[in-house]
2 protein chains.
Amino acid sequence: MTVSKTAEKSSEKPADAAKGRKDTGEPQAEALQLGELSEQLGYVLKRAQLKVFENFLRCMASLQLTPAQFSVLLLVEKNPGRNQTEIASTLGILRPNFVAMLDNLESRDLCARIRSTNDRRSHILVLTDKGKAVLARAKKLVATKHEARLNDLLGPANRESLIEMLSKIANEF
Amino acid sequence: MTVSKTAEKSSEKPADAAKGRKDTGEPQAEALQLGELSEQLGYVLKRAQLKVFENFLRCMASLQLTPAQFSVLLLVEKNPGRNQTEIASTLGILRPNFVAMLDNLESRDLCARIRSTNDRRSHILVLTDKGKAVLARAKKLVATKHEARLNDLLGPANRESLIEMLSKIANEF
DNA sequence: GATAATTGTTATGGACCATACCAAATATCG
DNA sequence: CGATATTTGGTATGGTCCATAACAATTATC
């Protein structure tokens, strides 16, 4: 049981040992200067992404869904009857790596592979009833506990603006 | 040398086989619906981060610097005389994983470990002359080829706004 | 009907991340 | 002072994610 304990301690937040501590009077070494790093797109982007994923996992702890798994369920629900290759490639997942992922979801009875009658090579993907139910609960958790945090932090207008800019980067950079 | 070839082919861009292709008239299956996925913060954030890192690596191909290595050089330059633990923890890198990274940079004569005279346990980190020169060139490449792209894509005002919002998320989410 | 292409899969290796543990050096405290 | 605890850099190790090669079954192509 070392893993679960590890997840809570998390990896010591960067610049935390240096920045955000109350001065207790000890002769602590001065904090490091981030310098130009705090203006680097990649740096701040990666940092933000880690924080968001971390928060996502906490919010979904009761359902045991990772961001990747959630995205698969969302996509399968929106596009029922597609095969593994289509779902995987749309998410940027390579087919070999998608196999274990589906094995997991299927073993938990969240989705199912069905041999296509048209093309007996391919597996059609469908959400099970349990999968639909879990996804519905997941959506609510994400909306109320996760995405809501963004509104609290940035406000609705900025939130929309942020998503839009990130989409633009993801598609046109 | 399979790695470098791999980096160029990249992993097939998501939603590319479905979205951005000219209609050639073939009876292609219709594109998948992204649905709520395109509004998910984590999804679009991760996607954007991958694109940005990918572009960063291309821009730095001549210098062979990864984003992580670049951040180390930047931080050491800004904070000379700090030891491994301080630099690593500020960047969110665990000490054990920082060792190989420094071995690499040191073997390329970009930075050096110096035994501290005060505390003979710790290694003070310094950029070598070559390290300073390489970093200077790296900064120019990043500014002109990488970060400039963001201005072209979003405009200066939005760029600033984006960085600010991402910083806020990284620090307060 | 022979050959090529596609689908799901296995095996495998690399990159990155996290933990446990160790020796040397230092700090702490009786 | 000396025993004990802490810190630092390091090794070993395992997990997860990502990418490639190769394969059998099936389908498409010519």
Side-chain angles (χ1 to χ4, degrees), chain A residues 1-14 17 26-29 46-47 49-50 53-54 57 66-69 71-72 82-89 91-104 106 112-125, chain B residues 1-14 17 26-29 46-47 49-50 53-54 57 64 66-69 71-72 82-89 91-104 106 111-125:
Chain A
M1 269 274 290
T2 59
V3 185
S4 57
K5 291 201 301 184
T6 317
E8 289 176 312
K9 294 203 309 186
S10 177
S11 57
E12 44 189 299
K13 291 132 191 174
E26 292 121 29
Q28 58 201 211
K46 177 79 175 182
R47 275 273 133 71
Q49 185 257 314
L50 288 175
F53 268 44
E54 191 186 314
L57 288 176
T66 68
Q69 290 168 337
S71 70
V72 169
R82 299 300 190 127
N83 65 25
Q84 297 185 197
T85 297
E86 291 172 308
I87 298 293
S89 86
L91 291 173
I93 303 174
L94 295 173
R95 274 79 73 210
N97 298 329
F98 197 46
V99 174
M101 227 182 131
L102 273 186
D103 288 347
N104 181 344
E106 204 173 19
R113 299 183 238 225
I114 304 177
R115 283 229 103 87
S116 169
T117 51
N118 308 331
D119 187 339
R120 300 218 318 277
R121 289 172 298 186
S122 58
H123 289 169
I124 294 310
L125 297 184
Chain B
M1 269 276 287
T2 59
V3 185
S4 56
K5 291 201 299 183
T6 318
E8 289 176 312
K9 294 204 308 185
S10 176
S11 58
E12 44 189 297
K13 291 132 192 174
E26 292 122 30
Q28 59 200 212
K46 176 78 176 185
R47 276 271 130 72
Q49 185 258 313
L50 289 175
F53 268 43
E54 190 185 314
L57 288 175
Q64 284 289 298
T66 68
Q69 290 168 336
S71 69
V72 170
R82 298 301 189 127
N83 65 25
Q84 296 185 197
T85 297
E86 292 172 308
I87 298 292
S89 86
L91 291 173
I93 302 174
L94 295 173
R95 275 80 73 209
N97 300 328
F98 197 46
V99 174
M101 227 182 132
L102 272 186
D103 288 347
N104 181 345
E106 203 173 21
C111 78
R113 297 183 238 225
I114 305 177
R115 284 229 103 88
S116 169
T117 50
N118 309 332
D119 186 339
R120 300 217 320 278
R121 287 171 298 185
S122 59
H123 289 168
I124 293 310
L125 296 183

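Side chains included, hydrogens not; waters and symmetry mates left out as well; all remaining heavy atoms used. Protein chains get the first letters and strands the later ones, always in sequence-line order, with residue 1 at the start of each.
Between Ile87(A) atom CD1 and dG8(C) atom C1' the separation is 15 Å, expressed in whole Å. Going from atom CG of Asn97(B) over to atom P of dG15(D) covers 16 Å, rounded to whole Å. Atom pair Asn104(A):CG and dT16(D):P shows a separation of 11 Å (rounding to whole Å applied). To the nearest angstrom, P of dC21(C) lies 16 Å from CZ of Arg95(B). In this structure, Leu94(B) atom CG and dA20(C) atom P are separated by 12 Å, rounded to whole Å. Look at NZ on Lys46(B): it is 9 Å from P on dC17(D), rounded to the nearest Å. Regarding Arg115(A), its CZ atom lies at a distance of 13 Å from the C1' atom of dT27(D), rounded to whole Å. In this structure, Ile114(A) atom CD1 and dT7(C) atom P are separated by 18 Å, rounded to whole Å.
The structure places OG1 of Thr66(B) at 8.0 Å from CG of Asn104(B), a figure rounded to the nearest 0.5 Å.
Not one N or O on the side chain of Arg82(B) forms a donor-acceptor pair closer than 3.5 Å with the backbone of Ile87(B).
Of the two residues contacting DNA chain C, namely Ser122(A) and Thr66(B), the nearest-nucleotide position lying further toward the 5' end is that of Ser122(A). Comparing Leu50(A) and Asp103(A) by the nucleotide of DNA chain C that holds the closest heavy atom to each, the one mapping nearer the 5' end is Asp103(A). Residue-to-nucleotide proximity on DNA chain D shows that, of Asn118(A) and Pro96(A), the 5′-proximal contact is made by Pro96(A).
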Could you go step by step and tell me if Leu102(A) and Phe98(A) meet the side chain to side chain contact (heavy atoms under 4.5 Å, CB included) rule? CA-CA 6 Å; Leu102(A) 273 186; Phe98(A) 197 46; 3.7 Å; yes
Would you check, one step at a time, whether the test side chain to side chain contact (heavy atoms under 4.5 Å, CB included) holds for Asn83(A) with His123(A)? CA-CA 5 Å; Asn83(A) 65 25; His123(A) 289 169; 5.7 Å; no
Between the protein and nucleotides 23-26 of chain D, which nitrogen or oxygen pairs come in under 3.5 angstrom?
from    : atom 1 : to        : atom 2 : distance (Å)
dT26(D) : O2     : Arg121(A) : NH1    : 3.4

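Between Thr85(B) and dG9(D), a side-chain N or O to OP1/OP2 separation shorter than 4.0 Å is present. Neither OP1 nor OP2 of dT7(C) sits under 4.0 Å from any side-chain N or O of Arg82(A).
Between Val72(B) and Ile93(B), the closest heavy-atom pair is CG2-CD1, 4.4 Å.
Residues meeting the side-chain contact (heavy atoms from CB on, under 4.5 Å) test with Leu50(A), sequence neighbours left out: Lys46(A).
In this structure, a donor-acceptor pair under 3.5 Å is present between the side chains of Gln84(B) and Arg113(B).
Closest to the side chain of His123(B), from the set dA18(C), dT10(C), dG9(D), is dG9(D).
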